[in-house]
Amino acid sequence: MAKITKEQYEFALARIEELLPMVDDYTPANDRNAVELTMMSDVVIDYEKEHYPIAKPTVAQLIQLSLDEKNMSQKQLAIEIGVSPSRISDYVSGRAEPTLKIARLLCATLGITPAAMLGY
């Protein structure tokens with residue numbers, strides 16, 4: 001696919017706004033508006049992937065996000081996986097990276113996928 005210009009991106013965004021009210025979950029996939037909405041969405045996605053990439057979260061961010069989601073304190077996590085609360089603080093602050101053994105425990109306890117923990 002050719003490189004998408006800012007003008008094409010902005011056109012696609014505007015066109016999506018126009019098309020959204022015309023397409024819903026019951027619109028057939030081969031409907032003209034549904035097809036155009038898909039095409040415009042692809043243009044926006046491709047442009048944003050190139051110009052506004054989303055960085056993968058760090059291990060520290062993954063741990064903090066998971067703690068927040070589970071409404072769990074660092075101290076509770078420390079007790080659960082058998083390390084000191086200061087060690088958890090080191091992981092959350094980014095001062096230290098967990099060992100493979102601790103990373104496994106973090107994944108299991110916090111519901112983090114191993115792939116995410118490894119940065120994939």
Would you say S41's side chain and L37's backbone share a donor-acceptor pair under 3.5 angstrom?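 Yes, S41 side chain to L37 backbone: donor-acceptor pair under 3.5 Å.
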
Is the side chain of D42 donor-acceptor paired with the backbone N or O of I45 at a distance under 3.5 Å, no angle test? no

Is there a continuous path of hydrophobic side-chain contacts, each under 4.5 Å between heavy atoms, that joins [X] to [Y]?
| X | Y | result |
| --- | --- | --- |
| M40 | L20 | yes |
| M39 | L13 | no |
| Y52 | I4 | yes |
| L19 | V35 | no |
| Y91 | M72 | yes |

Donor-acceptor pairs are to be reported for all side-chain atoms of residues 99-111 against protein atoms at under 3.5 Å, with residues two or more places apart or in another chain.
residue: T99; atom: OG1; partner: I102; partner atom: N; Å: 3.2
residue: T109; atom: OG1; partner: L105; partner atom: O; Å: 2.8

Is there a salt bridge (charged side-chain N to carboxylate O under 4.0 Å, His left out) between K49 and D46 once you walk through the steps? CA-CA 5 Å; K49 276 183 186 174; D46 289 348; 5.1 Å; no

Residue D68 excluded, over 12 heavy atoms near CG under 6.0 Å: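 Yes, the 6.0 Å shell around CG holds more than 12 heavy atoms from other groups.
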
Give a yes or no on whether R95 atom CZ has more than 12 heavy-atom contacts from other residues, nucleotides or ligands under 6.0 Å away. yes

CD-CG distance between Q74 and D90, expressed to the nearest 0.5 angstrom: 9.5 Å

Salt bridge or not for K6 and E10, using N-O below 4.0 Å? yes

Going by side chain to side chain contact (heavy atoms under 4.5 Å, CB included), E36 matches just one of M22, E18, R15. Which one?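 The residue from M22, E18, R15 that satisfies side chain to side chain contact (heavy atoms under 4.5 Å, CB included) with E36 turns out to be R15.
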
